[in-house]
Amino acid sequence: MYNQVAQAYQRTQQTTANPRELEASLLIKAAARLQAVRDNWDQGRADLDDAITFNRKLWTILATSATRADNPLPPEVKTNVANMAVFIFSHSMRVLSDPQPDKLTSLIFINANIAAGLRGSAG
């Protein structure tokens with residue numbers, strides 16, 4: 001699954017001129033997968049692990065890229081991305097340890113809002 005996320009990221013990056021748009025698109029894709037599980041909890045719960053795993057792997061890639069020493073982001077932005085990733089990882093484990101559809105809301109909200117910010121449509 002990690003390889004699939006990384007390959008999707010790389011394929012999209014090659015065809016997309018704007019890395020922010022790529023990141024936004026992948027965050028929306030992850031949010032949509034989580035939303036589908038939440039909306040169809042009784043039927044879609046089997047997809048919970050895959051949706052959570054996709055989201056965690058995406059955030060691993062985002063955090064790793066953002067916090068690289070050669071990334072030109074300001075230090076406070078790097079710290080914020082790293083802290084957000086830590087929250088995503090820990091909350092994902094809480095969701096998996098006690099699955100409830102409402103627990104997906106914060107993950108969906110975070111992804112959608114960060115994607116909107118990357119696209120310049122936040123606020």
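We're numbering straight along the sequence, starting at 1. Just the heavy atoms: all of them, side chains too, but no hydrogens, waters or symmetry mates, feed the values below.
- Note on Asp47 versus Arg33: no salt bridge recorded, every NZ/NE/NH1/NH2 to OD/OE distance being 4.0 Å or above.
- Thr64 is linked by a side chain to side chain donor-acceptor pair (under 3.5 Å) to nothing, counting only residues two or more places apart in sequence or in another chain.
- Pairing each heavy atom of Trp41 with each of Pro101, the nearest pair is CE2-CD, 3.5 Å.
- Considering all non-hydrogen atoms of both residues, Ala24 and Leu118 come closest at N-CD1, 3.8 Å.
- Ile52 contributes atom CD1, which lies 9.0 Å from atom CD1 of Ile88 (distance to the nearest 0.5 angstrom).
- Taking CD from Gln100 and CG from Leu48, the interatomic distance works out to 11.5 Å, rounded to the nearest 0.5 Å.
- Heavy atoms only, all atoms of each residue included: Lys78 and Ala66 are closest at CG-O, 3.1 Å.
- With sequence neighbours left out, the side chain to side chain donor-acceptor pair (under 3.5 Å) criterion links Asp49 to no other residue.
- Partners of Arg56 by side chain to side chain donor-acceptor pair (under 3.5 Å), not counting sequence neighbours: none found.
- In this structure, CZ on Arg119 lies 4.0 Å from CD on Glu21, to the nearest 0.5 angstrom.
- The neighbour count for Arg68 CZ, taken as heavy atoms of other residues, nucleotides or ligands under 6.0 Å away, does not exceed 12.
- Separation of atoms CD1 (Ile114) and CD1 (Ile28) is listed at 10.5 Å; rounding is to 0.5 Å.
- Within the 3.5 Å criterion, the main-chain N or O of Ile61 finds no donor-acceptor partner in the side chain of Ser65.
- Proximity of Leu62 to Leu27: side-chain heavy atoms (C-beta onward) are separated by under 4.5 Å at one or more points.
- Listed by chain and number, the residues in a side chain to side chain contact (heavy atoms under 4.5 Å, CB included) with Asp102 amount to none (sequence neighbours excluded).
- Between the CG atom in Asn83 and the CD atom in Glu76 there is a gap of 12.5 Å [rounded to 0.5 Å].
- A distance of 8.0 Å separates OG in Ser92 from CG in Leu34, rounded to the nearest 0.5 Å.
- Under a hydrophobic-cluster definition in which Ile, Leu, Val, Met, Phe, Trp and Tyr are linked whenever side-chain heavy atoms come within less than 4.5 Å, directly or via other members, Trp59 and Leu96 are assigned to the same cluster.
- Under the rule for a side chain to side chain contact (heavy atoms under 4.5 Å, CB included), the partners of Val77 that lie at least two apart in sequence or sit in another chain are Leu73, Pro74, Val81.
- The ring pair (Phe, Tyr, Trp, His ring centres under 6.0 Å) pairs that include a residue from residues 89-110 are Phe87-His91, where partners are two or more places apart or lie in different chains.
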